[in-house]
Amino acid sequence: MANTFKNAYYDVTTSLAAAYTAPGSTTSIVLTLRITNVDGAADATITAQVVDGSSGDAKLAHTMTVPADSSIELAGISKIVLETGDIIKLQANAAGDLEAFISVLQIT
């Protein structure tokens, strides 16, 4: 088994869209899913979900408020395990306000 650390940066938009997809023949452990509000004045909300190919969708956050100039952690203390093809999708209430940083351990 090979262990590879990966990270991804994602500009969160107002459309629910894939920020990370677990590759084929891989189990991915999400170590960090940090959402940062880069708007200096306005709060924003984040909706995050895992789309599980075998059992459906699960919300990680639903319109959770991210205050201006701050970050929230959606996976830091508890890890998220993704199987092949599972997807993390993100959506903001305003374009250009939220950025995501995802750190993952991929096991093949």
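Just so we're clear, the structure is a prediction, and the values are computed from it rather than from any experiment.
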message: Between Thr27 and Leu82, is the side-chain contact (heavy atoms from CB on, under 4.5 Å) condition met? List the steps.
response: CA-CA 6 Å; Thr27 298; Leu82 302 175; over 6 Å; no
message: With heavy-atom distances below 4.5 Å as the criterion, would you say the side chains of Ile88 and Leu33 are in contact?
response: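 Result yes, sub-4.5 Å side-chain heavy-atom pair found.
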field: Any Ile46 side-chain heavy atom under 4.5 Å of Ile72 side chain
entry: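 Contact flag for Ile46/Ile72 side chains = yes.
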task: Evaluate side-chain contact (heavy atoms from CB on, under 4.5 Å) for Val50 paired with Ile80, printing each intermediate quantity in order.
output: CA-CA 9 Å; Val50 172; Ile80 301 167; 4.2 Å; yes
Between [X] and [Y], which heavy-atom pair has the shortest distance, and what is it?
X     : Y     : result
Leu90 : Ala48 : CD2-CB, 3.5 Å
Ala95 : Thr14 : N-CG2, 3.5 Å
Val30 : Ala75 : CG1-CB, 3.9 Å
Tyr10 : Ala17 : OH-CB, 3.2 Å
Ala18 : Ile87 : CB-CG2, 3.6 Å

Just list the side-chain donor-acceptor pairs under 3.5 Å for residues 98-108, sequence neighbours left out, or say none.
residue : atom : partner : partner atom : Å
Glu99   : OE2  : Tyr9    : OH           : 3.1
Gln106  : NE2  : Tyr20   : OH           : 2.7

field: Asn93 CG to Thr63 OG1 distance, which is reported to the nearest 0.5 Å
entry: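 Taking CG in Asn93 and OG1 in Thr63, the distance rounds to 9.0 Å.
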Side chain of [X], backbone of [Y]: donor and acceptor closer than 3.5 Å?
X     : Y     : result
Asn37 : Ala42 : yes
Asp43 : Ala68 : yes
Thr26 : Gly24 : yes

message: Could you go through Asp52 and Asp57, starting from their C-alpha distance and side-chain angles, then the distance that decides it, and tell me whether this counts as side-chain contact (heavy atoms from CB on, under 4.5 Å)?
response: CA-CA 6 Å; Asp52 184 321; Asp57 302 349; over 6 Å; no
- prompt: Side chains of Thr36 and Ser71: is there a donor and an acceptor less than 3.5 Å apart?
  reply: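 Yes, side-chain donor-acceptor contact under 3.5 Å.
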message: Considering only residues two or more places apart or on different chains, which pairs with a residue in residues 72-91 satisfy side chain to side chain donor-acceptor pair (under 3.5 Å)?
response: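 Listed once each, the pairs are Arg34-Glu73.
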message: Hydrophobic cluster membership, with links at side-chain heavy-atom distances under 4.5 Å among I/L/V/M/F/W/Y: are Val66 and Leu60 in one?
response: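 Shared cluster, yes.
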